[in-house]
Every structure is written in C-alpha cells, then in structure tokens.
Amino acid sequence: MSFKIFQGYHFVEAYHKKKHAAHPEKSSAPTLIKLAIAIITSLILWNLPTEVYGIPNLTVVEQRVIAVFAFATLMWLTEAISSWATSVVIIVVLLFTCSTSSLWFFSDGAPETLGTLINYKSLMYTFADPIIMLFLGGFILAIAATKTGLDVMLAKAILKPFGTKPANVLLGFVLATGIFSMFLSNTATAAMMLTFLTPVLKSLPADGKGKIGLALAIPIGANIGGIGTPIGTPPNAIALKYLNDPAGLNMNLGFGEWMMIMFPFALLLLVLGWLLLLKMFPFKAQAIELNIEGETKKDWRSIVVYVTFALTILLWCTDKFTGVNSNTVAMLPIAVFCAIGVIKRSDLEEINWSVLWMVAGGFALGVAMQDTGLAAHMIESIPFNTWPALLMLIGSGILCYLLSNFISNTATAALLVPILAVVGTAASETLAPFGGVSPLLIGLALSASLAMILPISTPPNALAHATGMVEQKDMMRVGIIMGIIGLILGYTLLVFCGKTGLL
C-alpha cells in the first residue's frame with residue numbers, strides 16, 4: 001500500500017527505525033547459513049535418484065519442481081531473504097530450468113524421462129494474473145480514498161454513532177478497523193486507525209488497562225476484518241484463484257458469494273473480540289472524546305472518486321447478477337482514477353509491489369505442479385481417499401495457523417493452497433459430505449488471518465506493539481483466545497455451509 005501518503009505512515013516508519021536501532025550491526029552469518037541450508041537441501045533433492053521419492057513415473061522436470069518447492073518453503077520459513085524476493089527467485093529458476101524456454105542442457109533428454117516442460121508464458125503470466133489485478137484495483141482505491149479524504153470521512157461517519165462511552169468507543173474502533181480492512185491493506189488500515197487513536201490514548205489514565213484494549217483493537221480489527229472479502233487479505237485471493245481456476249476446480253465462487261458467508265462471520269468475530277478486550281482490559285475513564293482530524297475534499301475529481309468507490313464495491317458484491325467478474329471490476333477504478341488525474345505516476349511508484357510479487361511466486365509454484373504433471377502423480381501415489389475428511393479439513397487449518405504466526409500469512413497460503421488443492425481433488429469423494437474442496441481452501445485463508453499471537457505475526461500486530469502500550473504477553477493471550485474461538489466457529493461455519501450446499 002502507498003504508505004507515504006497514508007494517515008499514520010509515521011507509525012510504520014518509526015517501527016522500522018526502532019527495529020533497525022535494536023540491531024544496528026546485525027551479522028550476516030545467520031542469513032548466509034540459512035541460505036546455504038536451503039540451497040544444499042534443494043540440490044540434494046534435485047539430484048537424488050527418482051526412485052527415492054516413491055512416486056511412480058516421476059520425471060526429471062517434476063523432481064526439479066519438488067526441489068524448487070523445498071527451496072521456497074525453507075526460504076519463506078527462515079526469511080533468509082525477503083519473501084517477495086524469494087518469489088521472484090523461484091519464478092526465474094523455474095523459467096531457466098523447467099520451462100519451454102530453459103537452458104538447452106536442462107531441456108535435453110528423452111521425453112519419457114525428462115517429462116513435460118512448463119510453458120514459459122504461463123510462468124510469466126503469474127505476474128499479471130487476474131487476481132493480481134484484483135489486488136491492484138484495491139490498492140488504487142485505497143490511494144484515491146486517502147488523497148481525497150474519503151478515508152477520514154468514512155472513519156468519522158463510522159465512529160460518530162458510538163458516542164463517548166469507553167466500551168462503545170472500543171467497539172467503534174474494532175468495527176471501523178475491521179470494515180476498512182475488508183477493502184484496504186490491513187497494514188495501511190492499522191496505520192491510519194492508530195493515527196485516530198493516538199489522541200484518545202493520551203487522554204486516558206496512565207495506569208488504566210483500557211489503553212491496552214484500545215491499542216489491541218487495531219490489530220484484531222485489521223486481521224479479522226480481512227476475512228470478510230476476497231481482497232481483504234492475500235490468502236483469500238490465493239484460495240479464490242484455485243477455487244475458480246477454469247483449468248482446475250472451476251467452482252465459479254463470486255465476490256458476493258464470499259461476502260454473503262464470510263462478512264457476517266467476520267462481524268461476529270469482531271464483536272467477540274470486542275467483548276474479550278472489554279473483559280481483559282476494563283476502562284477506568286467514564287468518557288472518551290474522539291478527535292479525528294482531516295479534511296474531505298469536495299472538488300469534482302473527489303466526487304468522481306466517491307462515486308467510483310461506491311460503484312466498484314456495488315459491482316463486486318453483485319458480480320453474479322451483472323456477469324462482470326470481480327477481477328474485471330477491479331480495473332474500473334484504475335482506469336477512472338488514472339484518466340481524471342487522481343492517480344499519478346508517483347502514486348504507482350509508491351504501491352507495495354512486493355506483495356503482488358509475493359503472491360505471483362505462489363501462483364508460479366501451482367502452475368509448475370499442474371503443468372509438469374507432478375500434481376497428478378502425487379494424487380496417484382498418495383491414498384488421500386483413505387484419510388478422514390475432518391482430519392484434512394481441521395488438520396490443514398491448524399498447520400496453516402501455526403505457520404502463519406511465524407511467517408507471512410501470504411507465504412503460508414502460497415505454500416499450502418496449491419498442495420491442498422491437489423489433495424482436495426484427490427479426496428473429492430471423501431470431502432463431498434462436508435462441501436468438497438471449497439471449505440478446505442477457504443479454511444486455509446481463514447486460519448492464516450486468525451494467526452496473531454506475536455508482534456511478528458502480522459504488520460498490524462507489530463504496529464500496535466510499537467505504540468508501547470501493548471506487551472507481548474498481552475498480545476499472546478488475546479491472540480491465542482481469538483485463534484481458538486475463530487478456528488472453532490470458522491470450521492463449524494464451513495462444515496455447515498458445505499453440508500447445506502452454500503459452498
């Protein structure tokens with residue numbers, strides 16, 4: 001997201017400065033060790049005899065994909081280099097070693113042993129996948145909303161009805177952050193809402209626990225709110241891509257259908273989060289005065305932004321009725337805002353392209369597994385149909401939740417969703433009583449969003465911790481409780497929707 005023009009950018013900047021100051025002369029040795037482990041492990045997997053894998057008819061190209069997948073997993077887990085850089089590296093490695101445009105010595109060999117090479121265009125297309133365009137449209141909406149003051153206007157409109165009673169103000173911040181996070185980056189939303197919260201925190205008693213609750217309201221709202229829409233967080237979009245892939249599952253799950261189920265669920269979790277914060281961090285103050293500064297522009301360009309913003313969301317929610325899919329709708333604000341001059345070249349330069357590249361790397365792994373035939377061979381070699389359906393559903397969600405607390409939720413989804421899409425296809429008959437593959441993949445996206453135990457778990461957590469109001473032990477207590485509640489209610493909802501045909 002374009003933080004530099006966004007309310008609260010200074011919080012992001014201050015956090016990174018503080019983090020850098022704590023480790024001013026950090027040794028590069030641990031990074032080199034992590035990198036060496038990832039490379040050596042991948043090279044071993046690359047050069048092992050194919051019989052070792054126990055996968056019938058495994059080809060050379062498929063073995064290379066396994067090695068690249070292992071490299072991506074280790075790099076995303078250890079963060080030896082940034083997650084987005086890992087994504088770029090794996091796409092380039094796949095292009096040079098496993099594609100139809102690979103180096104000649106990687107494409108030599110008998111077809112039956114070499115296997116099927118990936119069309120190089122398919123790998124490059126991942127940088128401009130329709131889901132990438134969906135995210136880009138969301139980014140552009142957020143930038144335009146900030147430049148015209150629409151974000152401040154919406155914040156005032158949402159928070160004003162909650163008055164000055166502390167419990168109600170807390171609810172207002174939880175809901176406002178959650179609703180913003182459904183359509184904007186959760187990091188940008190957290191930064192903006194912390195700006196509005198700062199004067200409120202200063203007005204509260206120094207020894208009151210209410211400050212902690214208000215500070216934690218921001219990450220809870222930002223992390224949970226993203227569950228409500230397909231663009232709320234990257235794992236949602238990754239799951240939706242595999243569910244709707246015409247060459248794969250082809251579920252044709254629409255933006256509005258997702259919101260019909262997940263929006264009410266997100267609101268329920270936000271309310272439960274509010275009640276938890278009230279219980280754990282009671283207020284001493286009797287009243288809280290909100291002071292949200294910011295001006296809403298009223299020139300013709302701003303009016304066009306307001307109308308386009310509303311129209312885009314309306315079209316997203318009614319994509320099944322209009323016949324225009326959500327990816328196409330996302331291009332509307334891009335075209336309009338660029339045409340009227342609200343979005344300039346400098347704004348495009350400020351977009352956080354690393355998020356888009358991170359997602360593209362996950363898509364490339366999925367393309368590699370499908371196009372080389374590795375996915376099909378995995379289905380043939382592993383008896384997924386003998387696994388209990390609930391074990392697959394809930395076990396995968398718990399694994400995703402645990403990983404997402406320590407590495408990027410996008411990286412976790414990029415690793416697990418392609419695998420579980422293959423697993424779900426193989427076990428479609430077993431999963432049929434629970435709704436098939438949809439609950440399996442949506443459950444992964446849900447689990448990733450619920451991971452918020454540590455300051456490193458998500459950027460909103462880090463920003464809240466950087467205020468100095470929240471200790472790690474408080475964040476862990478709230479994060480664990482919300483994770484358990486969210487997973488229980490979430491999988492109950494998904495199983496119910498699967499059994500009733502809503503998914």
Side-chain angles (χ1 to χ4, degrees), residues 224 227-230 233 235-269 272 319-320 366 369-370 374-404 409 412-451 483-503:
I224 292 175
I227 296 171
T229 67
T233 182
N236 293 4
I238 293 171
L240 198 65
K241 174 196 167 50
Y242 282 91
L243 288 170
N244 290 344
D245 186 1
L249 297 170
N250 198 24
M251 298 286 186
N252 196 27
L253 184 65
F255 196 104
E257 287 178 295
W258 179 291
M259 284 193 67
M260 183 179 68
I261 296 169
M262 304 310 291
F263 180 80
F265 174 69
L267 287 181
L268 173 62
L269 279 188
L272 291 176
D319 53 353
K320 286 292 183 180
M369 291 176 66
Q370 293 290 340
L374 177 60
H377 283 155
M378 287 175 63
I379 291 173
E380 294 169 3
S381 63
I382 304 174
F384 292 121
N385 287 319
T386 64
W387 294 13
L390 279 177
L391 174 62
M392 273 189 283
L393 280 172
I394 300 174
S396 62
I398 293 174
L399 175 62
C400 181
Y401 173 77
L402 293 174
L403 282 175
S404 291
N409 59 8
T412 305
L415 282 172
L416 296 181
V417 171
I419 297 174
L420 269 295
V422 173
V423 170
T425 302
S428 56
E429 292 184 6
T430 305
L431 290 170
F434 297 95
V437 186
S438 296
L440 187 68
L441 300 191
I442 295 174
L444 291 178
L446 171 67
S447 301
S449 294
L450 291 171
I484 292 172
I485 292 173
L487 287 172
I488 292 173
L489 293 180
Y491 275 96
T492 301
L493 172 68
L494 291 174
V495 169
F496 171 78
C497 290
K499 284 181 173 291
T500 56
L502 293 175
L503 281 177

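No hydrogens, no waters, no symmetry mates; every other heavy atom, side chains included, goes into these values. Predicted model only: the values in this text are computed from it and were never measured.
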Quick check for you: to the nearest 0.5 Å, what is the distance between [X] atom [atom1] and [Y] atom [atom2]?
{"X": "C400", "Y": "L487", "atom1": "SG", "atom2": "CG", "result": "9.5 Å"}
{"X": "L267", "Y": "L272", "atom1": "CG", "atom2": "CG", "result": "11.0 Å"}
{"X": "M392", "Y": "L420", "atom1": "CE", "atom2": "CG", "result": "9.0 Å"}
{"X": "I484", "Y": "Y401", "atom1": "CD1", "atom2": "OH", "result": "7.0 Å"}
{"X": "L399", "Y": "I394", "atom1": "CG", "atom2": "CD1", "result": "13.5 Å"}
{"X": "S447", "Y": "N409", "atom1": "OG", "atom2": "CG", "result": "11.0 Å"}

(message) Using side-chain heavy atoms (C-beta onward) and a distance below 4.5 Å, is L493 in contact with L446?
(response) no

Restricting to non-hydrogen atoms, name the atom on [X] and the atom on [Y] that form the minimum distance, rounded to 0.1 Å.
{"X": "P235", "Y": "A448", "result": "CG-CB, 4.0 Å"}
{"X": "V417", "Y": "A239", "result": "CG1-CA, 4.2 Å"}
{"X": "P230", "Y": "N236", "result": "O-CB, 3.4 Å"}
{"X": "G366", "Y": "P418", "result": "CA-CB, 4.1 Å"}
{"X": "S396", "Y": "L444", "result": "O-CD2, 3.5 Å"}
{"X": "L269", "Y": "G486", "result": "CD2-CA, 3.9 Å"}

(request) Please report the C-alpha distance between L494 and L393 in whole Å, then the side-chain angles of each, then the deciding distance to 0.1 Å, and finally whether the side-chain contact (heavy atoms from CB on, under 4.5 Å) criterion is met. (result) CA-CA 10 Å; L494 291 174; L393 280 172; over 6 Å; no

Tell me which donor-acceptor pairs under 3.5 Å the side chains of residues 250-263 have, and how far apart each pair is, sequence neighbours excluded?
{"from": "N252", "atom 1": "OD1", "to": "K320", "atom 2": "NZ", "distance (Å)": "3.3"}
{"from": "E257", "atom 1": "OE1", "to": "G254", "atom 2": "N", "distance (Å)": "2.8"}
{"from": "W258", "atom 1": "NE1", "to": "I227", "atom 2": "O", "distance (Å)": "3.0"}

Please table the atom pairs, donor to acceptor, closer than 3.5 Å between any side-chain atom in residues 433-441 and protein atoms at least two apart or in another chain.
none

(message) Could you go through L374 and V422, starting from their C-alpha distance and side-chain angles, then the distance that decides it, and tell me whether this counts as side-chain contact (heavy atoms from CB on, under 4.5 Å)?
(response) CA-CA 10 Å; L374 177 60; V422 173; over 6 Å; no

(message) Just to verify, what does Y242 make a ring pair (Phe, Tyr, Trp, His ring centres under 6.0 Å) with, not counting sequence neighbours?
(response) none

